[in-house]
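Each chain gets a letter, A, B and so on, in the order its sequence line appears, and its residues count up from 1. Given the structure is predicted, the values throughout are model-derived calculations rather than measurements.
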There are 2 protein chains.
Amino acid sequence: MARRTGRRPGNPGTREAILDAARAAFADRGFDAASIRAIAAAAGVDPALVHHYFGSKDQLFLAAMEAPVDPRELLPGVLAGDPDAIGQRLVRTFLTVWDSPASAAGVALLRSAVSNEWTARLLREFVVTQVLRRVLDHLDVDPAELPLRGSLVATQLIGLAMMRYVIRLEPVASTAPETLVATVGPTVQRYLTAPLPALRDGAA
Amino acid sequence: MARRTGRRPGNPGTREAILDAARAAFADRGFDAASIRAIAAAAGVDPALVHHYFGSKDQLFLAAMEAPVDPRELLPGVLAGDPDAIGQRLVRTFLTVWDSPASAAGVALLRSAVSNEWTARLLREFVVTQVLRRVLDHLDVDPAELPLRGSLVATQLIGLAMMRYVIRLEPVASTAPETLVATVGPTVQRYLTAPLPALRDGAA
DNA sequence: GTCTATATGCAGATAGAC
DNA sequence: GTCTATCTGCATATAGAC
């Protein structure tokens with residue numbers, strides 16, 4: 001009575017199978033376009049089961065986004081060491097995470113945030129409060145400049161993620177990580193710490 | 001018998017009204033989520049009329065994207081002048097276009113490209129063949145480096161557009177254009193012309 | 001726990017009356 | 001040119017049988 005990979009007779013990994021399929025579907029099509037029916041089909045379960053386990057599509061999305069990566073574990077490695085190379089270490093860590101299987105959650109969040117306001121809020125809050133604020137707090141620059149510096153870093157890193165993992169523009173989609181560390185690392189470093197004279201009008 | 005703004009009794013600007021409503025809807029919700037029915041309602045016409053004029057949703061999107069801005073008119077101003085300030089002029093021109101009403105088409109294309117493969121192709125082709133290639137052809141750098149240089153510029157500019165016009169992350173969403181010219185201009189300049197030693201493995 | 005059946009709604013597209 | 005009516009399909013969600 002050997003059981004195959006796709007199907008689940010009992011209840012063993014059903015929940016996990018649904019979550020995996022959901023992450024893949026959300027990453028592939030974004031929140032709105034990913035359907036519970038397709039997720040259920042990919043997981044080899046009935047669509048009604050998805051509702052049974054997670055209640056609604058929103059809650060399924062939240063569950064699928066949870067615990068892919070905790071910035072609090074990664075950021076100490078970024079912040080420690082030569083302060084003039086924080087940008088390169090940040091880009092290297094960023095690419096390591098996004099080049100791993102954990103990237104599905106990131107791509108899903110990014111894809112969804114573009115067409116869906118409440119997922120956009122999730123993205124903003126993650127980027128700002130979980131990542132940027134923690135990095136910026138360790139810098140020795142004028143606090144009034146921090147919001148703009150953080151925004152600029154976000155434009156470069158999210159742009160990199162968009163082009164490399166979502167739009168898949170070549171050659172940046174296939175470029176070796178260290179090449180990107182060497183090229184966009186200095187950009188991030190400049191946004192974080194370089195003097196920004198024409199700054200004061202920048203606040204919202 | 002004065003006619004109000006919203007409604008159209010005869011056939012005068014019906015087509016244009018539909019196109020305006022379509023641009024706004026596609027910019028607001030992206031290709032997939034924008035519905036012909038909602039576009040028709042916004043334009044004050046019957047949904048069947050939209051099909052009558054444009055045939056299909058795809059063709060409507062193409063018509064709405066057409067002729068917002070022609071890079072061939074703008075790029076000479078970017079390329080002329082000090083070669084060390086091409087990055088700043090490119091960013092300035094970029095922001096001028098995106099801060100104008102013409103940005104609706106850009107936002108629509110960007111929003112749509114994220115969830116929809118054929119609009120992503122449109123975006124890639126526009127960025128690469130209409131903009132980047134024309135800029136890169138005027139640079140005096142190793143031709144083998146051009147694809148990666150172009151990709152890097154795209155990550156920064158598209159990231160900027162995403163954060164400023166789509167995700168609307170503050171403060172970059174409200175920052176004065178000249179502040180951004182002064183801060184991200186040098187980044188673009190570096191990607192275009194600075195020596196990139198660790199480059200050769202970058203080709204797809 | 002799992003699945004069938006269904007309620008409800010909105011999508012794109014088309015035929016044909018006026 | 002414009003609109004009514006309808007076809008077809010897929011979505012989320014729920015009730016309830018087994």
Side-chain angles (χ1 to χ4, degrees), chain A residues 1 3-4 6-26 28-65 108 111-112 115-119, chain B residues 1 3-4 6-26 28-65 108 111-112 115-119:
Chain A
M1 214 182 169
R3 46 195 63 166
R4 311 289 299 280
R7 226 21 175 85
R8 291 319 196 303
N11 71 331
T14 317
R15 202 190 139 93
E16 281 308 312
I18 293 172
L19 278 179
D20 284 346
R23 248 185 302 265
F26 286 135
D28 216 49
R29 324 240 294 122
F31 179 82
D32 291 332
S35 79
I36 287 186
R37 293 153 115 98
I39 290 168
V45 303
D46 190 275
L49 262 192
V50 179
H51 284 105
H52 181 74
Y53 278 118
F54 299 97
S56 74
K57 192 180 178 181
D58 289 16
Q59 289 172 279
L60 173 62
F61 185 81
L62 285 175
M65 289 305 101
R111 260 214 165 92
S112 304
S115 304
N116 192 290
E117 184 49 36
W118 81 266
T119 56
Chain B
M1 213 186 174
R3 47 193 62 167
R4 311 288 300 279
R7 231 14 180 90
R8 289 320 194 304
N11 71 333
T14 317
R15 204 189 136 92
E16 281 308 313
I18 293 172
L19 279 179
D20 285 344
R23 250 185 301 266
F26 287 135
D28 215 50
R29 325 240 293 122
F31 179 80
D32 291 331
S35 80
I36 287 186
R37 294 157 117 98
I39 290 168
V45 303
D46 190 275
L49 262 192
V50 179
H51 283 104
H52 183 254
Y53 278 118
F54 298 97
S56 72
K57 192 180 175 179
D58 289 15
Q59 290 172 278
L60 172 62
F61 185 80
L62 285 175
M65 289 304 100
R111 259 215 165 93
S112 303
S115 301
N116 191 287
E117 184 48 36
W118 83 265
T119 56

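Taking the side chain as every heavy atom from C-beta outward, A:Leu60 and A:Tyr53 never approach each other to under 4.5 Å.
Among the nucleotides D:dT2, C:dA13, D:dA13, the one closest to any side-chain atom of A:Lys57 is D:dA13. When each of D:dT2, C:dT2, C:dG12 is scored by its nearest atom to the side-chain atoms of A:His52, the top-ranked nucleotide is C:dT2.
For the pair B:Arg29 and B:Arg111, the tightest heavy-atom approach, listed with the atom from each and the gap, is C-CD, 4.1 Å. When every heavy atom of A:Phe26 is checked against every heavy atom of A:Ala34, the shortest pair comes out as CD2-CB, 3.6 Å. Contact record, A:His51 with A:Ile36: NE2-CD1, 3.6 Å, taken as the closest heavy-atom pair. In terms of heavy-atom proximity, B:Asp32 sits nearest to B:Ser115 at OD2-O, 3.4 Å.
The interatomic distance linking B:His51 (NE2) with D:dC7 (P) rounds to 17 Å, in whole Å. As rounded to whole Å, 14 Å separates atom P of C:dT14 from atom CZ of B:Arg37. In this structure, B:Ile36 places its CD1 atom 8 Å from C1' of C:dA13, rounding to the nearest Å. When rounded to the nearest whole Å, the span between CZ of B:Phe54 and C1' of C:dT14 equals 18 Å. The CG atom of A:Asp32 sits 15 Å away from the C1' atom of D:dC10 (whole-angstrom rounding). If you take CG of B:Asp46 and P of C:dA13, they are 15 Å apart, rounded to a whole angstrom. Here C:dA11 presents its P atom at 10 Å from CD1 of B:Ile39, a figure rounded to the nearest Å. Separating the CG atom of B:Leu49 from the P atom of C:dG12 is a distance of 15 Å, rounded to the nearest angstrom.
At a threshold of 4.0 angstrom between heavy atoms, the contacts of A:Ala34 are confined to the sugar-phosphate backbone, with no base atom among them.
Within the structure, a side-chain polar atom (N or O) of A:Tyr53 is placed less than 4.0 Å from OP1 or OP2 of C:dT2. For C:dC10, neither phosphate oxygen OP1 nor OP2 lies less than 4.0 angstrom from any side-chain nitrogen or oxygen of B:Ser35.
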Protein N or O to nucleotides 15-18 of chain D N or O, pairs below 3.5 Å:
none

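A distance of 14.5 Å separates CZ in B:Arg23 from CG in B:Asp28, rounded to the nearest 0.5 Å. One finds the CG atom of B:Leu62 at 10.0 Å from the OG1 atom of B:Thr119 (value rounded to the nearest 0.5 Å).
Residue-to-nucleotide proximity on DNA chain D shows that, of A:Ala33 and A:Pro47, the 5′-proximal contact is made by A:Ala33.
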